Amino acid sequence: MSNLEELIERLCPDWVEYKTLGDVATISRGGNFQKKDFTEQGKPCIHYGQIYTRYGLFTDKTLTFINDECFAKQKYAEPNDIIMAVTSENIEDICKCVAWLGTEKVAVSGHSAIIHHSLNPKYLAYFFHSQHFFNQKRRLAHGTKVMEVTPDTLKSIQLPVPPLEVQREIVRILDNFTFLTTELAAELAARQKQYEYYRDLLLTFKPNESTILNERTNERTRA
């Protein structure tokens with residue numbers, strides 16, 4: 001029996017309770033700054049467009065900043081809040097999110113939901129990238145060319161809410177898988193480059209290159 005199974009058996013013998021997101025979180029809209037407001041230094045900010053491609057599931061640093069005057073007029077995410085993009089051109093990207101793990105509040109742009117909650121932030125971020133959440137957001141999304149999920153409707157999302165100790169163990173397991181997957185991806189990328197190099201070398205016949213290839217092949221065989 002794994003540590004997770006032991007924890008569930010001990011802490012929730014009647015199995016894990018499901019709640020709505022509205023039961024465990026308050027949800028508000030982001031502010032109104034735009035990309036043109038970015039500065040090289042200043043107060044931290046996260047623009048909804050960055051969540052699709054530039055952030056992973058969690059971060060403790062922002063990629064961009066705004067000045068003090070603009071920051072004072074914004075809506076903010078507090079440490080451990082979830083920042084979710086609620087507008088997209090496709091169902092896959094809508095509701096992508098990032099957990100803010102920084103130590104100070106961060107300004108959040110429009111087309112975003114700020115989810116202030118009582119759960120482990122990484123646990124919630126992992127849930128928001130699960131198939132169970134995907135199936136629910138599909139029913140909430142509306143629009144054709146541009147799709148949207150309104151922050152208020154997110155309150156109806158159903159999610160498992162185990163004790164915090166169980167949430168931490170789930171996060172630990174998923175963090176390990178994420179680390180191993182990253183290592184594997186790097187290894188595969190290196191192997192792909194190696195394959196492409198030798199493919200091109202083998203299929204391009206130039207003087208002396210066959211000798212170079214034989215030497216390198218022999219070196220790899222001896223290694």
Side-chain angles (χ1 to χ4, degrees), residues 21-22 24-130 133-134 136-157 175 178 181-182 185-186 189:
L21 188 59
V24 297
T26 58
I27 305 169
S28 57
R29 293 180 178 272
N32 58 9
F33 70 85
Q34 302 175 30
K35 291 181 179 179
K36 65 181 179 61
D37 296 314
F38 291 166
T39 57
E40 292 187 5
Q41 295 180 340
K43 298 292 188 180
C45 67
I46 292 179
H47 188 274
Y48 83 98
Q50 298 168 331
I51 297 175
Y52 303 129
T53 57
R54 302 192 65 188
Y55 284 108
L57 271 67
F58 12 83
T59 186
D60 60 359
K61 295 181 176 62
T62 65
L63 301 168
T64 46
F65 306 89
I66 53 179
N67 62 37
D68 290 356
E69 182 180 357
C70 184
F71 187 82
K73 302 174 184 177
Q74 301 307 317
K75 301 290 182 65
Y76 313 104
E78 300 289 341
N80 297 329
D81 284 354
I82 302 290
I83 303 166
M84 178 180 287
V86 293
T87 300
S88 175
E89 296 179 354
N90 59 73
I91 192 64
E92 286 75 22
D93 284 343
I94 197 167
C95 291
K96 278 196 171 179
C97 66
V98 56
W100 172 240
L101 304 182
T103 58
E104 59 184 323
K105 64 183 181 180
V106 58
V108 176
S109 77
H111 301 293
S112 301
I114 302 168
I115 303 173
H116 184 71
H117 58 91
S118 56
L119 308 181
N120 181 299
K122 296 179 79 172
Y123 171 82
L124 192 51
Y126 278 125
F127 170 78
F128 283 140
H129 288 81
S130 70
F133 175 68
F134 183 91
Q136 294 186 75
K137 77 172 183 180
R138 183 189 290 276
R139 295 194 295 268
L140 299 179
H142 61 274
T144 51
K145 186 175 181 180
V146 176
M147 306 186 74
E148 182 180 10
V149 171
T150 57
D152 278 348
T153 62
L154 288 170
K155 295 177 182 178
S156 66
I157 292 292
D175 279 351
T178 301
T181 301
T182 302

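Since the model is a prediction, treat every value here as computed from it, not as a measurement.
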message = Run Phe134 and Ile91 through side-chain contact (heavy atoms from CB on, under 4.5 Å) and show every step you take.
response = CA-CA 9 Å; Phe134 183 91; Ile91 192 64; 4.2 Å; yes
query = How far apart are the C-alpha atoms of Lys75 and Val108, what are their side-chain angles, what is the distance that settles it, and do they pass the side-chain contact (heavy atoms from CB on, under 4.5 Å) test?
reply = CA-CA 6 Å; Lys75 301 290 182 65; Val108 176; 5.5 Å; no
key: side-chain contact (heavy atoms from CB on, under 4.5 Å) between His47 and Phe38, intermediate numbers included   = CA-CA 10 Å; His47 188 274; Phe38 291 166; 3.9 Å; yes
task = Begin with the C-alpha distance, continue with both residues' side-chain angles, and end with the deciding distance and a verdict on side-chain contact (heavy atoms from CB on, under 4.5 Å) for Phe127 and Leu119.
result = CA-CA 11 Å; Phe127 170 78; Leu119 308 181; over 6 Å; no
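Aromatic ring orientation, Phe128 versus Phe133: perpendicular (interplanar angle above 60°, classes split at 30° and 60°).
When all heavy atoms of Lys105 and Glu78 are compared, the closest pair comes out as CB-OE1, 3.9 Å. When every heavy atom of Leu154 is checked against every heavy atom of Cys95, the shortest pair comes out as CD2-SG, 4.3 Å. Between Ala99 and Ala125, the shortest heavy-atom contact is CB-CB, 4.1 Å. Residue Thr144 comes nearest to Met147 through the heavy atom pair O-CG, 4.1 Å, listed as atom of the first residue, atom of the second, then distance.
Using a 4.5 Å heavy-atom threshold, the side chains of Val149 and Met84 count as separate. Residues Asp68 and Lys43 are in side-chain contact: their nearest non-hydrogen atoms beyond the backbone lie under 4.5 Å apart. For the pair Ile82/Trp100, no side-chain contact is recorded, criterion being any heavy-atom separation below 4.5 Å from C-beta on. Looking at Lys155 and Ile27, their side chains come closer than 4.5 Å, going by heavy atoms from C-beta outward. Looking only at side-chain heavy atoms (C-beta outward), Ile66 and Gln74 come within less than 4.5 Å of each other. Contact check for Asn80 versus Leu101: side-chain heavy atoms found under the 4.5 Å cut-off. Proximity of Asn67 to Phe33: side-chain heavy atoms (C-beta onward) are nowhere separated by under 4.5 Å.
In the displayed structure, Lys96 atom NZ is contacted under 6.0 Å by more than 12 heavy atoms of other residues, nucleotides or ligands. In this structure, Glu89 places its CD atom where only 12 or fewer heavy-atom neighbours from other residues, nucleotides or ligands lie under 6.0 Å away. Glu69 CD: 12 or fewer foreign heavy atoms inside a 6.0 Å radius.
In this structure, Ser112 contributes its side chain and Gly110 its backbone to a donor-acceptor pair below 3.5 Å. Under a 3.5 Å cut-off, the side chain of Asp37 and the backbone N or O of Gln34 do form a donor-acceptor pair. Between the Lys61 side chain and the Pro44 main chain, no donor and acceptor come within less than 3.5 Å of each other.
Counted by atom type alone, Thr64 and Gln50 present one or more donor-acceptor pairs between their side chains at under 3.5 Å. Between the side chains of Tyr126 and Asn120, no donor-acceptor pair of N or O atoms lies under 3.5 Å.
Within the 6.0 Å centre-distance limit, the rings of Tyr76 and Phe71 are counted as a close aromatic pair.
We find the CG-NE2 distance between Asn32 and His111 to be 11.0 Å, quoted to the nearest 0.5 Å. A distance of 9.0 Å separates OG of Ser109 from CD1 of Ile83, quoted to the nearest 0.5 Å. Lys36 contributes atom NZ, which lies 8.0 Å from atom SG of Cys70 (distance to the nearest 0.5 angstrom). Rounding to the nearest 0.5 angstrom, the gap separating the CG atom in Leu57 from the CD1 atom in Ile51 is 11.5 Å.
A side chain to side chain contact (heavy atoms under 4.5 Å, CB included) with Leu140 is found for exactly one of Ile157, Ile94, Val86, namely Ile157.
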